[in-house]
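Structure first, commentary second.
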Amino acid sequence: MNDLRWIDVLLVEDDPGDVLLTKEAFELNKVRNKLHVVNDGEQAMAFLRQEGEYADAPRPDLILLDLNLPRKDGREVLQDIKSDEKLRGIPVVVLTTSESEEDILRSYNLHANAYVSKPVDFDQFISVVRRIDDFFVTVVKLPNSSQRY
């Protein structure tokens, strides 16, 4: 499949260890996508709305969203994304340590595209990131970011 294009992935994660693991997973899997990282919910919305220091930020093709974030909770971020006409078409994968049935249900009710529990084991984490990448880059057809508006 030579027609694979690079995509911009926004990782919204406040845990430096999980950020590092995700970056390593991208590198180990030779994921060609561009990973952008913000550390809290307010930064996520500023990035997505291209405000302030993120004025030149690209529109992500995929968002990996932790739920337990400082300043603005991941659930609020998900709700803001899916209620914004310009952002709602961006697929959001909730990638979190929470296995709470309430969090799973609420995330899907807020129109998350997938809910994935973060494995604690490094190899399993790498495998999960690889599968997310394979699915959203090779299997799923994403709209061109310039065609979403």
| To the nearest 0.5 Å, how far apart are CG in Asn109 and CD in Gln79? | 11.0 Å
| message | Checking His111 now: which residues fulfil side chain to side chain donor-acceptor pair (under 3.5 Å) with it, not counting sequence neighbours? | response | none
Could you tabulate the donor-acceptor pairs under 3.5 Å formed by side-chain atoms of residues 115-123, not counting sequence neighbours?
residue, atom, partner, partner atom, Å
Tyr115, OH, Ser98, O, 2.8
Lys118, NZ, Glu13, OE1, 2.5
Lys118, NZ, Asp18, OD2, 2.7
Asp121, OD2, Asp123, N, 3.2
Asp121, OD2, Gln124, N, 2.9

| note | Those residues at least two apart in sequence (or on a different chain) that pass side chain to side chain contact (heavy atoms under 4.5 Å, CB included) with Lys23 are Val19, Leu35, Val37
| Does a donor on one side chain sit under 3.5 Å from an acceptor on the other, for Lys82 and Asn113? | yes
| message | Restricting to non-hydrogen atoms, name the atom on Ser83 and the atom on Arg88 that form the minimum distance, rounded to 0.1 Å. | response | O-NH2, 3.6 Å
| When rounded to the nearest 0.5 angstrom, what is the spacing between OG1 in Thr22 and CG in Leu11? | 5.0 Å
| Least distance between heavy atoms, Asp14 atom then Pro16 atom | O-CD, 3.2 Å
| Just wondering, do Ile81 and Val92 contact through their side chains at under 4.5 Å, heavy atoms? | yes
| request: Indicate yes or no for a side-chain donor-acceptor contact from Arg59 to the backbone of Leu48 under 3.5 Å, with no hydrogens or angles considered. | output: yes
| remark: When rounded to the nearest 0.5 Å, the distance separating CG of Leu87 from CG of Asp80 is 9.0 Å
| What is the minimum heavy-atom distance between Leu10 and Ala44, and which atoms define it? | CD2-O, 4.5 Å
| How would you list, by chain and number, every residue that makes a side chain to side chain donor-acceptor pair (under 3.5 Å) with Asp40, sequence neighbours excluded? | Arg71
| Single-linkage hydrophobic cluster, 4.5 Å side-chain cutoff, Tyr108 and Val12 together | yes
| task | Can you see which heavy atom on Ala112 is nearest to which on Val94, and at what distance? | result | CB-CG2, 3.9 Å
| task | Sequence neighbours left out, what passes side chain to side chain contact (heavy atoms under 4.5 Å, CB included) with Asp56? Give chain and number order. | result | none
| note | When rounded to the nearest 0.5 Å, the distance separating CG of Asp66 from CG of Asn39 is 11.0 Å
| request: Given side chain to side chain contact (heavy atoms under 4.5 Å, CB included), test Asp84 with Arg49 step by step and report yes or no. | output: CA-CA 10 Å; Asp84 185 315; Arg49 293 183 173 137; 3.5 Å; yes
| query | If you round to the nearest 0.5 Å, how far is CD1 of Ile132 from CG of Leu95? | reply | 5.0 Å
| said: Filter on ring pair (Phe, Tyr, Trp, His ring centres under 6.0 Å), then keep only pairs touching residues 53-92, sequence neighbours left out; what's left? | reply: Phe47-Tyr54
| Rounded distance (nearest 0.5 Å) linking atom CE of Met45 with atom CD of Glu76 | 10.5 Å
| What's the shortest heavy-atom distance between Ser107 and Leu78, and which atoms? | O-CD2, 3.6 Å
| request: Kindly give the heavy-atom pair with the smallest separation between Leu21 and Ile126, and that separation in Å. | output: O-CD1, 4.4 Å
| message | Side chains of Thr96 and Asp103, heavy atoms from C-beta outward: is any pair under 4.5 Å? | response | no
| said: Contact between Val9 and Pro60 at the side-chain level, heavy atoms closer than 4.5 Å - yes or no? | reply: no
| query | Looking at Asp73 and Arg75, does any basic side-chain N land under 4.0 Å from a carboxylate oxygen? | reply | yes
